[in-house]
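Notes follow the structure.
Each ligand, and each atom within it, is numbered from 1 in the order the structure gives. Each residue takes its place number in the sequence, starting with 1.
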Amino acid sequence: MADLRISKLFEVRSKIKDSYQVFQAEDLKVLIDWLSTESANIFVIDRKVADYFSTALAGLENARFIHIDADEFNKTMDYAQEIIRKLIRLDVRKNDNIVAIGGGITQDLVAYISSILFRGIEWKFIPTTLLSQCDSCIGSKSSINFDQYKNLIGTFNPPSAIYINSDFLSTLSESEIRSGIGEMLHYFFSDGFELADEVGQRFDELLVNRGALSYFISNSLRIKKTIIEIDEFDIDLRHIFNYGHTFGHAIEAITNYSIPHGQAISIGMDLANYISLKKGLLSQEDFNRMHTVLIKNLPAFRVTKENYDSYVGALSRDKKNHGNKLGCILSRGPGKLEKVFTEMDEAFKEIVLDYFTRFQN
Ligand SMILES: NC(=O)c1ccc[n+]([C@@H]2O[C@H](COP(=O)([O-])OP(=O)(O)OC[C@H]3O[C@@H](n4cnc5c(N)ncnc54)[C@H](O)[C@@H]3O)[C@@H](O)[C@H]2O)c1
């Protein structure tokens, strides 16, 4: 492996396939040339990534590949079927490997297809966004949207190998970097305050100096790994990683996904913290120090009296709810998250509107 300039970062223990490996790949072209020599590999590539990295991906010209459009509205069973048809045209076989090259959308589609095609086919993943490098690449989940429901359908199906290459970060927009930072912050706050604080202090630097992100990517994956190895199937402990997500998903839904995922969950975490403060779970001091970090990553969005009903409508469709109660993760301070079921009554409405009146742009 040494001449491939690939080093093993770590291994994730899994109940599905014993374990899978996460590698750091220093040279993208060398990695792609090597993968394309294996005739069993079929590549499913985000079209934008194929354009940006055409030189490094040139080796794929002699391999079997498909380009896809990584759009949240394509994360559907219909689009998955379209990809399966293309794979069949490429003569896909049970013992082939699908190699996904793209962000979380490409990953979710390929992971889902790989778990149903021939009742299971191996896949590998080259994550190309900050979010997919620091978070989604490990953890086994695949998620497909259904009608207005985000991530309603899915399976647990980890790739057999993940290759992280930092060149991909150079072409991401600031908005995509902010999205990845939001996702990293939710791991950091679930762990304590130190790493989140460091992100806050170095926030402006991280938006431009993409090389500095590697340290935070590996810490984010390290925190996620400790929990998913215990609760891979998201039965209890892993629920803490829904922190910010319940409130964030509802923002994504009512804005037609115009706000990138990790930015929406930055608002989601800040709102969850505010609800925690108002419920007496979180001290003002802890709210303030987390808010100081999160405010740097909040996109312009408000819940107002006018859109409150559609926001609560989206919250009420969350798959983690019990009856009429909203299942969400609240905070007792950095490193101290807990699952709470809360009524969406008048008091809840006041807290939500109060939060958006006080703190949003
Ligand atoms: N399965 C999981 O565990 C998991 C976890 C978190 C999020 N997700 C899902 O991931 C999705 C969000 O994923 P995401 O933010 O990684 O990216 P994405 O796949 O949504 O891509 C975002 C945009 O960036 C473009 N892009 C990708 N790589 C690029 C690069 N290197 N340079 C320039 N542009 C590039 C894409 O074409 C797209 O326009 C959501 O659907 C979310 O639900 C899944």
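Annotation for ligand 1: atoms under 4.0 Å from non-hydrogen atoms of Thr171 are 30 (C), 31 (N), 32 (N), 33 (C). For ligand 1, the atoms sitting less than 4.0 Å from at least one non-hydrogen atom of Leu172 are 29 (C), 30 (C), 31 (N), 32 (N), 33 (C), 34 (N), 35 (C), numbered in the order shown with element in parentheses. Close contacts between ligand 1 and Asp108 involve ligand atoms 1 (N), 2 (C), 8 (N), 9 (C), 44 (C) [criterion: under 4.0 Å to a heavy atom]. Shown in contact with Lys48 at under 4.0 Å from a heavy atom are these atoms of ligand 1, numbered in order with element: 37 (O), 38 (C), 39 (O). Against a heavy-atom cut-off of under 4.0 Å, Glu72 is close to the following atoms of ligand 1: 40 (C), 41 (O). The atoms of ligand 1 that sit less than 4.0 Å from any heavy atom of Val49 are 27 (C), 28 (N), 29 (C). Of all atoms in ligand 1, listed by their number and element, those nearer than 4.0 Å to a heavy atom of Lys150 are 40 (C), 41 (O), 42 (C), 43 (O). Heavy-atom contacts of Lys75 reach the following atoms of ligand 1: 9 (C), 40 (C), 41 (O), 42 (C), 43 (O) (cutoff under 4.0 Å).
Neither the backbone nor the side chain of Arg47 has a heavy atom within less than 4.0 Å of ligand 1. Heavy atoms of Ile105 found under 4.0 angstrom from ligand 1 belong to the backbone as well as the side chain.
Ring geometry for Phe216 versus Phe188: interplanar angle of 30 to 60°, hence tilted. Taking the six-membered ring where tryptophan is involved, the planes of Phe287 and Phe359 are tilted, since the angle between them lies from 30° to 60°. Aromatic ring pairs are classed by plane angle as parallel below 30°, tilted from 30° to 60° and perpendicular above 60°; the pair Phe73 and Tyr257 is perpendicular.
In plain terms, the two heavy atoms of Ile240 and Ile329 that are nearest each other are O-CG2, 3.9 Å. In terms of heavy atoms, Ile101 sits closest to Thr106 at O-CG2, 3.9 Å.
Tested against Pro158, the residues Lys141, Lys15, Lys17 include a single side chain to side chain contact (heavy atoms under 4.5 Å, CB included) partner, Lys17.
The nearest heavy-atom contact from the protein to atom 14 (P) of ligand 1 is Gly104 N, 3.4 Å.
Residue contacts with ligand 1: Lys224 is placed with no nitrogen or oxygen under 3.5 Å of a nitrogen or oxygen of the ligand (distance criterion only).
Summarising the local packing, NZ of Lys325 is surrounded by 12 or fewer heavy atoms from other residues, nucleotides or ligands at distances under 6.0 Å. Under a cut-off of 6.0 angstrom, the local environment of CD in Glu343 is crowded, with over 12 non-hydrogen atoms contributed by other residues, nucleotides or ligands.
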